Colleague: 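Got a structure here, written out as structure tokens. Questions coming.
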Amino acid sequence: MPRKLESDTIGLLLTDVSRLLRGAFDRKVNAMALGITPGEARTLIQVAVTEGIKQAEIATRMGIEPMTLSAYLDRLEALELVARVPDPADRRAKNVVITEKADPLLSELMNGLREMMNAYTESLGDEGREQLRGSLRILRDNLRRLDPCLAGKEKTQ
């Protein structure tokens, strides 16, 4: 009989929490009835966080196929929430930026998500939240620095 693996390793816990948070995010965005899908909401947030990077870089950061991202961006662009602008370093490339029209929607979205996360992390307390945030930043930075596939390729936030 195969040996049962421990389910509380850091990797498995992060994977499980990520899966659960993704579902909670989707349900929250749908319940907020903002006129965008959860995928479009994730894209809008990523564009706001990484303002002005190429579409391919956004897809990589989100862990989705470029064509999937392109569909999200097409819809967000039709809603005038994002714009594709020429990359000053490469005339053939386009960078994606947030428009002013996105500000109220982004604000409402982030307030709703902050409320959701506060509920999920309430039992940690303020100090515990900051400790978790700090530990996750260290882990992210270590991955960016030590993983040969990521080293030097991903811009920091």
Side-chain angles (χ1 to χ4, degrees), residues 14-145 147 150 152-157:
L14 284 171
T15 300
D16 206 27
V17 168
S18 178
R19 175 184 60 81
L20 293 167
L21 276 176
R22 186 178 183 95
F25 177 97
D26 290 358
R27 289 185 297 280
K28 181 67 173 179
V29 169
N30 286 329
M32 291 177 74
L34 299 170
I36 60 175
T37 67
E40 292 162 355
R42 267 189 285 284
T43 301
L44 191 62
I45 292 167
Q46 194 62 230
V47 172
V49 168
T50 60
E51 184 75 17
I53 67 171
K54 292 179 183 71
Q55 198 168 309
E57 293 174 54
I58 298 168
T60 299
R61 290 181 77 90
M62 292 178 67
I64 62 176
E65 293 297 321
M67 289 307 294
T68 302
L69 176 67
S70 185
Y72 292 153
L73 288 173
D74 288 346
R75 172 109 160 82
L76 293 171
E77 194 170 36
L79 293 170
E80 299 177 354
L81 300 174
V82 301
R84 292 173 171 117
V85 298
D87 183 335
D90 181 355
R91 291 185 320 189
R92 300 165 299 165
K94 298 279 186 183
N95 293 339
V96 185
V97 296
I98 292 293
T99 65
E100 284 186 32
K101 187 175 178 181
D103 286 345
L105 188 137
L106 257 175
S107 181
E108 185 178 351
L109 175 62
M110 294 310 293
N111 285 337
L113 296 175
R114 199 170 296 110
E115 177 185 288
M116 178 190 81
M117 286 306 298
N118 285 341
Y120 292 139
T121 60
E122 183 178 10
S123 63
L124 295 175
D126 291 341
E127 189 176 315
R129 278 189 196 111
E130 283 308 310
Q131 192 173 21
L132 176 60
R133 188 178 286 117
S135 295
L136 289 171
R137 281 187 187 123
I138 291 168
L139 181 59
R140 179 189 62 196
D141 293 347
N142 287 345
L143 282 164
R144 285 179 173 158
R145 184 173 49 83
D147 186 323
L150 297 175
K153 292 182 182 172
E154 203 174 271
K155 294 178 185 174
T156 57
Q157 298 173 341

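Because the structure is a prediction, the values reported are computed rather than measured. Numbers here simply count residues along the sequence, with the first being 1. Just the heavy atoms: all of them, side chains too, but no hydrogens, waters or symmetry mates, feed the values below.
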Colleague: For the CG atom of Leu106 and the CG atom of Leu44, what is their distance to the nearest 0.5 Å?
Modeller: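 Going from the CG atom of Leu106 to the CG atom of Leu44 covers 4.0 Å.
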
Colleague: So, Arg129 side chain and Asn118 main chain: donor-acceptor pair closer than 3.5 Å or not?
Modeller: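 A pair under 3.5 Å: yes.
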
Colleague: Find out whether Leu113 and Ile45 are in side-chain contact, i.e. whether some heavy atom of one side chain is under 4.5 Å from a heavy atom of the other.
Modeller: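 The answer is yes; the side chains approach within 4.5 Å.
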
Colleague: Heavy-atom count around Asp126 CG within 6.0 Å, excluding the residue itself: above 12?
Modeller: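 Counting other residues, nucleotides and ligands, CG of Asp126 stays at 12 neighbours or fewer.
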
Colleague: Closest heavy-atom contact between Ala102 and Ile98?
Modeller: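 For Ala102 versus Ile98, the nearest heavy atoms are CB-CG2, 3.6 Å.
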
Colleague: When you compare the side chain of Val96 with that of Ile53, does any pair of heavy atoms fall below 4.5 Å?
Modeller: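 They are not in contact (no side-chain heavy atoms under 4.5 Å apart), so the answer is no.
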
Colleague: Over all heavy atoms of both residues, which pair between Val82 and Thr99 is shortest? Give the atoms and the distance, please.
Modeller: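 Nearest pair, atom of Val82 first, then Thr99: C-CG2, 3.7 Å.
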
Colleague: Minimum heavy-atom separation for Lys54 and Ala93, please, with both atom names.
Modeller: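 Smallest interatomic distance, heavy atoms only, reads CE-CB, 3.6 Å.
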
Colleague: Counting only heavy atoms not in Glu77, do more than 12 fall under 6.0 Å of its CD?
Modeller: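 Buried by this count: over 12 neighbours within 6.0 Å.
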
Colleague: Does any non-hydrogen side-chain atom of Arg42 lie less than 4.5 Å from one of Pro38?
Modeller: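 Pro38 vs Arg42: side chains touch.
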
Colleague: Does the Arg27 side chain pair with the main chain of Gly23, one donor and one acceptor, at a distance under 3.5 Å?
Modeller: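 Yes.
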
Colleague: Checking Asn111 against Arg114: is there a side-chain donor and acceptor pair closer than 3.5 Å?
Modeller: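 Yes.
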
Colleague: Look up atom CD in Glu40 and atom CG in Leu81, then write down how far apart they are to the nearest 0.5 Å.
Modeller: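 If we round to the nearest 0.5 Å, Glu40:CD and Leu81:CG are 9.0 Å apart.
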
Colleague: Could you tell me the separation between the OG1 atom of Thr37 and the CG atom of Asp26, rounded to the nearest 0.5 Å?
Modeller: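 Separation between the atoms: 8.5 Å.
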
Colleague: Between CD of Glu127 and CG of Leu132, what distance do you get to the nearest 0.5 Å?
Modeller: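 These two atoms lie 12.5 Å from each other.
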
Colleague: Which atoms form the tightest heavy-atom contact between Gly35 and Leu79, and what is the distance?
Modeller: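 The answer is O-CD1, 4.2 Å.
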
Colleague: So, does Ser107 use its side chain to make a donor-acceptor pair with the main chain of Asp103 at under 3.5 Å?
Modeller: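 No; zero donor-acceptor contacts below 3.5 Å.
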
Colleague: Distance from Met116 atom CE to Lys28 atom NZ, nearest 0.5 Å?
Modeller: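 It is 8.0 Å, given to the nearest 0.5 Å.
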
Colleague: Just so I know, are the side chains of Tyr120 and Leu21 near enough to count as touching, which here means a heavy-atom distance under 4.5 Å?
Modeller: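 Yes. Closest side-chain heavy atoms under 4.5 Å.
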
Colleague: Kindly compute the distance separating CE (Met110) from CE (Met117), expressed to the nearest 0.5 Å.
Modeller: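 Reported value, rounded in 0.5 Å steps: 10.5 Å.
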
Colleague: Is the shortest heavy-atom distance from the side chain of Glu57 to the side chain of Thr50 under 4.5 Å?
Modeller: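 Glu57 does not reach Thr50 side chain to side chain.
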
Colleague: Show the atom names and distances, to 0.1 Å, of all donor-acceptor pairs under 3.5 Å that link a side chain in residues 63-74 to residues at least two apart or in another chain.
Modeller:
from, atom 1, to, atom 2, distance (Å)
Asp74, OD1, Arg84, NH1, 3.1
Asp74, OD1, Arg84, NH2, 3.1

